[in-house]
Amino acid sequence: MIKEYQKITTIKAEQFDGSEEQIERYGIRPPRPKEIASTADAEWQPLIPTKEGMMKCQIGDWIATGPFGEHYAISEAVFDITYRPVED
């Protein structure tokens, strides 16, 4: 029998902006090749390490940190319908 479920844990998240700080913080690969001028260039495809392996992400995605410290990327469209800020 199919039952309905909802997420019951909280996450921490920030929107990926392609900054060197976020690239370093989350171990995003490949680092921007020297021949590419910036992370805005079309040839650069960021990959974030997750429990399941490397996951594609792009500027504008949300980088979530789960309850066990794991990181993963969530598209903005999915993030907007799945999560809401926790009230203080």
- Can you tell if the side chain of Gln15 reaches within under 4.5 Å of the side chain of Phe79, non-hydrogen atoms only?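 Of all side-chain heavy-atom pairs linking Phe79 with Gln15, none is under 4.5 Å.
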To the nearest 0.5 Å, how far apart are [atom1] in [X] and [atom2] in [Y]?
| X | Y | atom1 | atom2 | answer |
| --- | --- | --- | --- | --- |
| Thr50 | Ile63 | OG1 | CD1 | 12.0 Å |
| Ile74 | Asp61 | CD1 | CG | 9.0 Å |
| Arg29 | Met54 | CZ | CE | 7.0 Å |
| His71 | Ile48 | NE2 | CD1 | 6.5 Å |
| Met1 | Lys3 | CE | NZ | 7.0 Å |
| Ile59 | Gln22 | CD1 | CD | 9.0 Å |

- Can you name the ring pair (Phe, Tyr, Trp, His ring centres under 6.0 Å) partners of Tyr72, sequence neighbours left out?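 Tyr72 satisfies ring pair (Phe, Tyr, Trp, His ring centres under 6.0 Å) with no residue once adjacent residues are dropped.
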- Only counting residues at least two apart or in another chain, list the ones meeting salt bridge (charged side-chain N to carboxylate O under 4.0 Å, His left out) with Glu70.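 Counting only residues at least two positions away or on another chain, Glu70 forms no salt bridge (charged side-chain N to carboxylate O under 4.0 Å, His left out).
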- Query: Passes side-chain contact (heavy atoms from CB on, under 4.5 Å), Gln58 versus Phe16? Steps please.
  - Reply: CA-CA 7 Å; Gln58 57 187 348; Phe16 181 51; 6.0 Å; no
- Item | Glu21 and Tyr26: side chain donor to acceptor below 3.5 Å |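 No, Tyr26 and Glu21 have no side-chain donor paired with an acceptor closer than 3.5 Å.
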- Using a strict 4.0 Å threshold on nitrogen-to-oxygen distance, state whether Glu20 and Arg25 make a salt bridge.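 Result for this pair is no, no salt bridge flagged.
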- Query: Any idea which heavy atoms bring Ala73 and Cys57 closest together, and the distance?
  - Reply: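 Nearest pair, atom of Ala73 first, then Cys57: CB-CB, 3.5 Å.
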- For the student: nearest non-hydrogen atoms of Ile11 and Gly66, plus distance: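 Where Ile11 meets Gly66 most closely, the heavy atoms are CG2-CA, 4.3 Å.
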- Single-linkage hydrophobic cluster Ile28~Leu47, side-chain heavy atoms < 4.5 angstrom: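 In one cluster with Ile28: Leu47, no.
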- Tell me who clusters with Ile8, hydrophobic residues only, linked when side chains sit under 4.5 Å apart either directly or through other members.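 Joined to Ile8, directly or through intermediates: none.
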